[in-house]
Amino acid sequence: DLRVPPAESSDLPQIDSRTLLELMQKLPDGYRMVFNLHVMEGLTHPEISALLDISVNTSKSQLSKAKRLLRQWINERFPHLVMSKMAVAK
């Protein structure tokens, strides 16, 4: 079963792991890999940069874009959920 991070570690609302996995699979490959490594696995941007052979800024950008898409899709699917504007700790 997919482990969903606690609410305080993410700016995504509490949704079930199946829904989160389904939405994550819709992300472009780069966005999905960076999101998974940073949010789900807890890697830092420098660690992701070295692992994926991308710049730290690319890692940060792809995470930001992944979260923006996920927020959009969650808001469309679950308009009753309130989204926090807080960013995941860098």
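Hydrogens, waters and symmetry mates are skipped; everything else that's a heavy atom, side chains included, is used.
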Going by heavy atoms in the side chains, are [X] and [Y] under 4.5 Å from each other?
X   : Y   : value
T19 : F78 : yes
L70 : F35 : yes
Q62 : M33 : no
L37 : L52 : yes
T44 : H38 : no
H45 : N57 : no

Shortest non-hydrogen contact between [X] and [Y], atoms and distance:
X   : Y   : result
S59 : I48 : OG-CG2, 3.5 Å
L23 : W73 : O-CZ3, 3.4 Å
S49 : S55 : OG-C, 3.7 Å
G42 : E47 : O-OE1, 4.4 Å
L69 : P28 : CD1-CD, 4.1 Å

May I ask whether V34 and V56 are part of the same hydrophobic cluster, defined by side-chain heavy atoms of I, L, V, M, F, W, Y residues being less than 4.5 angstrom apart, directly or through others? no
CG of L21 to CZ of R32, rounded to nearest 0.5 Å, is 9.5 Å
Does this structure show an ion pair linking E22 with R77, if we count only N-O contacts that are shorter than 4.0 Å? yes
